[in-house]
Amino acid sequence: MNKYEHKQIEKKWQDIWDEKSCFVAPQDYTKPKFYALVEFPYPSGQGLHVGHPRSYTALDIVARKRRMQGFNVLYPMGWDAFGLPTENFAIKNHVHPAEVTKKNIARFKSQLKSLGLSFDWSREINTTDPSYYKWTQWIFLQLFKKGLAYKKEMNVNWCTSCKCVLANEEVVNGVCERCGSEVVHKTKSQWMLKITEYAQRLIDDLDEVDFVERVKIQQKNWIGRSTGAEVNFKTTTGDILTVYTTRPDTLFGATYMVISPEHPIIEEKWANKLNNIDAVRAYREEAARKSDFERTELNKDKTGVCIDGVRAVNPVNGKEIPIFVSDYVLMGYGTGAIMAVPAHDDRDWEFAKAFGCDIIEVVSGGEDVQKAAFTAKDETGILVNSEFLNGKTVKDAIPAMIAWLEENGIGHAKVQYKLRDWVFSRQRYWGEPIPIVWCDKCGWVPVPEDQLPLTLPNVDSYEPTENGESPLAKMTDWVNTTCPCCGGKAKRETDTMPQWAGSSWYFLRYMDPNNNNALASKEAMEYWGPVDWYNGGMEHTTLHLLYSRFWHKFLYDIGVVPTKEPYAKRTSHGMILGENGEKMSKSRGNVVNPDEIVETYGADTMRLYEMFIGDFEKAAPWSPKSIKGCHRFVERVWNLFDKIEPSDAYSKQHEVLMHKTIKKVGEDIENLKANTAIAAMMSMVNDFYDKGINRAEYKTLLKLICPFAPHVAEELWSMLGETSVLSLEAWPEYDESKTQESSIQIAVQVNGKLRATISLPVDCEQQLAIDTALADEKIQKAVEGKNIIKTIVVKNKIVNLVVK
RNA sequence: GCCGCCAUGGCGGAACUGGUAGACGCAAGGGACUUAAAAUCCCUCGGUAGCGAUACCGUGCCGGUUCGAUUCCGGCUGGCGGCACCA
């Protein structure tokens with residue numbers, strides 16, 4: 001028999017699959033469907049990383065199995081190709097970003113093809129293709145028309161190196177997520193999307209989908225719902241200062257108030273009433289000058305200024321209390337003002353200690369509140385010094401106080417979210433143009449839908465400007481236009497959309513990728529939607545995954561898509577780390593190039609190793625040595641070919657093994673446990689080396705291996721004389737009643753310690769189990785001279801004798 | 001600080017709803033084949049004691065529940081990820 005030559009075999013079968021369009025999902029809407037999705041990559045200049053195939057192979061295995069089970073399977077791939085690295089490369093090397101993108105895509109595509117992934121390449125999409133971003137722009141216009149896209153002058157995160165605005169989600173520890181440079185605050189007019197309007201539904205509908213729990217938790221935490229009350233405090237000037245609190249029960253303990261340095265009431269109402277307005281303004285300017293990074297770095301020591309000239313009145317007891325300005329109160333959350341209860345809040349306590357404010361205990365049950373704040377919200381605390389709340393638990397006092405506030409018109413229950421609206425503008429070239437025009441007469445006017453796509457014009461230079469304008473602003477020919485509304489002079493919006501725009505709806509486009517009249521046809525969306533199984537990285541939980549759920553819900557509301565949620569199931573893979581256990585990165589020098597593995601061992605070995613490396617959901621270090629084990633397995637399957645006996649039925653000795661393994665492999669694939677599925681197949685092959693194998697057994701083995709190592713499986717299948725394409729053959733069936741041997745080894749314990757193993761018929765009577773156990777020599781020795789006071793028999797598992 | 005996850009041989013990792021810990025693979029050691037090496041095939045492989053049958057110990061640490069705990073509960077220690085002055 002021939003030697004195993006992976007290069008020839010893999011090329012051969014990839015060509016055959018292509019020629020026969022084996023993985024093209026037909027527009028046959030009568031068969032049961034299965035839509036498997038993996039996150040489409042950003043085609044970077046570095047090419048594929050070994051991390052990419054982990055996700056792709058895992059769902060490829062599921063897709064291949066489902067295809068063999070008769071499903072109409074859609075497993076598509078495309079390119080999320082707008083983005084900064086491409087633009088920066090273009091600037092540096094004086095090439096058009098579209099050229100760079102084209103080249104990178106070609107490289108990625110050939111790399112993906114070399115892995116034998118069963119993508120339907122006829123549905124390939126590219127977010128930078130005008131026929132694609134036409135619909136990204138169209139969705140934006142719908143958001144605009146419904147008032148969910150709006151322009152706002154606001155304090156934004158500005159990356160000093162990218163020269164670009166960042167969304168809150170893109171700022172990590174006060175630095176730019178992408179380049180690590182300092183992020184400062186800047187006031188700019190920005191397009192915003194009202195994701196906050198969907199906050200509650202984004203939480204509630206998580207109950208309807210099958211997402212791994214950590215994804216749900218992380219999304220809920222990010223949205224950050226809290227319940228409490230808004231309370232109005234009167235001030236000595238007669239103005240009302242509204243606060244939000246989650247602890248209305250502690251209102252009797254509010255001994256001062258704090259407002260954010262940027263609170264508008266200072267300049268609007270109090271500018272000429274404060275004796276120390278200069279000090280307040282100086283403090284505000286100092287706070288504004290700090291970057292996010294500095295502000296969080298310095299968050300240990302509380303700073304602030306007491307307002308001189310206005311005081312507030314605690315509405316529950318009429319006491320006058322001071323008002324402070326401090327940067328520990330944020331303008332972007334709640335009302336930008338708080339009531340401070342130092343006895344029961346750590347931050348207020350620290351501030352009170354620094355500024356000598358009163359600390360009054362209103363919840364008993366903790367230590368001395370002069371020494372530390374008592375913040376427990378459970379039943380341990382009982383209200384004191386709080387008139388009508390005295391004696392109540394915190395849990396009961398909260399609704400009681402809210403009821404009292406509502407009765408007296410002082411306040412009301414309120415739900416707050418940490419989630420903020422999505423900053424949607426980017427001052428860069430390589431993104432979707434925002435299809436809006438500014439007209440001095442008509443304001444912001446949408447580009448008429450029949451004029452979409454609004455294509456990106458060619459510019460001479462992609463450099464962002466120092467003043468923070470998009471490179472498009474320099475294109476006066478393009479910028480100057482006429483108002484679609486009144487026909488007068490108008491200017492185009494020059495900001496572009498963020499990278500997250502194109503990926504927020506791409507899964508819909510795969511359903512019907514060439515449609516020029518809609519983002520996808522109704523029939524296609526009704527058949528294919530929702531995505532049955534979506535796998536991707538945890539790093540996208542609060543970005544892409546949340547954004548795309550938001551867009552989908554919006555599209556559902558306007559009747560474009562038929563389901564509330566885009567993805568029925570979401571799983572998440574762990575990262576592949578370098579050999580040293582650290583994250584793979586160029587700077588650490590531990591990056592593994594998948595091409596080398598494919599070259600040396602072949603795609604089948606690569607695929608097996610990516611799956612065998614460990615628990616799919618956990619991070620795992622790359623190990624070049626372990627790859628050999630997977631390669632040996634492939635060769636052992638290959639060499640087994642010479643040992644095949646001619647028989648068309650499973651041999652008696654292997655019958656249970658066959659049925660058991662079919663069951664195990666099938667279940668493991670569905671549970672993303674390809675690692676143990678491979679282990680089971682390795683065991684099976686070991687057994688065949690021991691005891692021989694026949695044709696029927698070999699055929700089943702090849703079918704089981706096919707989703708994991710499809711090329712070698714196809715080649716061996718054809719070597720058997722079969723003329724069909726194995727990838728389209730039927731998945732093997734098993735018989736539950738034949739998955740167990742008729743007799744079984746069970747453990748016999750004495751006082752919970754293993755003392756012997758005995759062989760018993762499956763599901764045998766308890767008494768027989770006990771008798772057999774007692775008849776065992778070792779057991780007799782172990783219980784000799786002792787009284788058996790109890791026997792525990794667990795069917796097919798153990799017999800435990802309790803002796804004294 | 002808050003939320004979530006994790007801790008098992010020399011290594012990656014198995015172990016169903018509490019029931020024979022260490023499947024499968026890597027590395028290592030031994031053997032066969034070979035002039036030799038590679039490859040392949042076979043055997044051993046948690047620790048201690050013993051020639052051996054076997055005994056005792058062993059799933060980060062301390063304690064609990066149970067006939068029985070890697071698995072459940074309480075308290076620690078260490079690591080990873082997310083959020084972070086969110087009122």
J.: Please give, in whole Å, the distance from rU20(B) C1' to K778(A) NZ?
T.: 12 Å

J.: Do N535(A) and H573(A) get their side chains close enough for a donor-acceptor pair, meaning under 3.5 Å?
T.: yes

J.: Evaluate I223(A) against L546(A) for side chain to side chain contact (heavy atoms under 4.5 Å, CB included), listing each step before the verdict.
T.: CA-CA 10 Å; I223(A) 296 168; L546(A) 198 64; 4.2 Å; yes

J.: Using the P atom on both, measure rC73(B) against rC24(B) and round to a whole Å.
T.: 31 Å

J.: Less than 3.5 Å apart, any donor N or O on the side chain of E741(A) or S743(A) sitting next to an acceptor on the other?
T.: no

J.: Dump the pairs, protein N or O against N or O of nucleotides 41-45 of chain B, anything under 3.5 Å, distances to one decimal.
T.:
| residue | atom | partner | partner atom | Å |
| --- | --- | --- | --- | --- |
| rC41(B) | OP1 | R636(A) | NH1 | 2.6 |

J.: Go through rC24(B), rC85(B), rA87(B) for me and flag the one nearest to the M682(A) side chain.
T.: rC24(B)

J.: May I ask you to verify if any side-chain N or O of T541(A) is less than 4.0 angstrom from the OP1 or OP2 atom of rG82(B)?
T.: no

J.: Could you tell me whether K753(A) contacts a base, only the sugar-phosphate backbone, or nothing, with contacts defined as non-hydrogen atoms closer than 4.0 Å?
T.: sugar-phosphate

J.: Side chains of Y328(A) and D348(A) only: does a donor on one sit below 3.5 Å from an acceptor on the other?
T.: yes

J.: I need the CG-P distance between L801(A) and rU20(B), as an integer number of Å.
T.: 16 Å

J.: Can you confirm whether the side chains of Y417(A) and Q200(A) place a donor and an acceptor under 3.5 Å from each other?
T.: yes

J.: In whole Å, measure the gap between the C1' atoms of rC51(B) and rG58(B) for me.
T.: 25 Å

J.: Say we look at rA69(B) and rA14(B): how far apart would their P atoms be, to the nearest angstrom?
T.: 23 Å

J.: If a pair means Watson-Crick or G-U wobble with both distances below 3.5 Å, what does RNA chain B look like in dot-bracket form, with | marking bases paired to a different strand?
T.: (((((((..(((......[....))).(((((.......))))).((((....))))..(((((..]....))))))))))))....

J.: State the syn/anti category of rG78(B) according to its glycosidic angle, syn meaning within 90° of 0.
T.: anti

J.: Return whichever of K781(A) or Y417(A) has its heavy-atom-nearest nucleotide of RNA chain B closer to the 5' end.
T.: K781(A)

J.: Under a 3.5 Å threshold, yes or no: a donor from one side chain and an acceptor from the other, between T57(A) and Y609(A)?
T.: no

J.: Which whole number of Å gives the distance between the C1' atom of rU20(B) and that of rU59(B)?
T.: 15 Å

J.: Between P on rC24(B) and CE on M681(A), what's the gap in Å once rounded to a whole number?
T.: 15 Å

J.: Could you give the distance separating rG12(B) and rA7(B) at their P atoms, to the nearest angstrom?
T.: 12 Å

J.: Is R607(A) close enough and on-axis enough to F708(A), meaning under 6.0 Å and within 45°, for cation-pi?
T.: no

J.: Look at K790(A) and rC67(B) and indicate whether a side-chain polar atom (N or O) is within less than 4.0 Å of OP1 or OP2.
T.: yes

J.: Just to be sure I understand the rule, does E213(A) reach a base, reach only the sugar-phosphate, or reach nothing, if contact means heavy atoms closer than 4.0 Å?
T.: nothing

J.: Taking the minimum atom-to-atom distance to the side chain of N800(A), which one of rA87(B), rG19(B), rC85(B) wins?
T.: rG19(B)

J.: In whole Å, measure the gap between the P atoms of rG78(B) and rU70(B) for me.
T.: 24 Å

J.: Provide the distance between the two P atoms, one in rC26(B) and one in rU40(B), to the nearest whole Å.
T.: 10 Å

J.: Can you classify the ring geometry of H631(A) versus Y4(A) as parallel (below 30°), tilted (30 to 60°) or perpendicular (above 60°)?
T.: tilted

J.: If I take atom CD1 in residue I223(A) and atom P in nucleotide rG82(B), what distance separates them, rounded to the nearest angstrom?
T.: 18 Å

J.: When all nucleic acid strands are considered with a 4.0 Å heavy-atom cut-off, which category describes K625(A): base, sugar-phosphate, or nothing?
T.: sugar-phosphate

J.: Quick one: Y601(A) OH to rA39(B) P, roughly how many Å, whole number?
T.: 10 Å

J.: Can you confirm if the NZ or CZ of K302(A) lies within 45° of the ring axis of F351(A) and under 6.0 Å from the centre of its six-membered ring?
T.: no

J.: Measuring to OP1 and OP2 of rA87(B), would you say a side-chain N or O of Y333(A) lies under 4.0 angstrom away?
T.: yes

J.: Between D249(A) and R247(A), does at least one N-O distance fall below 4.0 Å, as a salt bridge requires?
T.: yes

J.: For L419(A) and rA84(B), what is the distance between atoms CG and C1' respectively, to the nearest whole Å?
T.: 16 Å

J.: Would you indicate which nucleotide in rC24(B), rC67(B), rC85(B) comes nearest to any side-chain atom of I792(A)?
T.: rC67(B)

J.: State, yes or no, whether a side-chain contact exists between I410(A) and F233(A) at a heavy-atom distance under 4.5 Å.
T.: no

J.: Measuring only the P atom in each nucleotide, how far is rA39(B) from rC56(B)? A whole number of Å is fine.
T.: 42 Å

J.: For E39(A) and H540(A), which I'm curious about, is there any donor-acceptor pair between the side chains at under 3.5 Å?
T.: yes

J.: Run the side-chain hydrogen bond (donor to acceptor under 3.5 Å, both in side chains) check on N796(A) and D763(A) step by step: do they pass?
T.: CA-CA 6 Å; N796(A) 302 332; D763(A) 296 337; 2.8 Å; yes

J.: Let's see if you can work this out: which of rU20(B), rC83(B), rA87(B) has an atom nearest to the side-chain heavy atoms of T757(A)?
T.: rU20(B)

J.: Heavy atoms under 4.0 Å, any strand shown: does R225(A) hit a base, just sugar-phosphate, or nothing?
T.: nothing

J.: Do Q749(A) side-chain and rG19(B) base share a donor-acceptor contact under 3.5 Å?
T.: yes

J.: Over how many whole Å does the gap from Q740(A) atom CD to rC16(B) atom C1' extend?
T.: 12 Å

J.: Nearest-Å distance, CG (N671(A)) to C1' (rU17(B))?
T.: 14 Å

J.: Quick one, give me the B/S/- string for nucleotides 1-15 of chain B, reading 5' to 3', where B means a protein heavy atom under 4.0 Å from the base and S means that only happens at the primed atoms, P, OP1 or OP2.
T.: --SS-------BSS-

J.: Which residue, L241(A), V329(A), D345(A), L330(A), forms the side chain to side chain contact (heavy atoms under 4.5 Å, CB included) with I338(A)?
T.: V329(A)

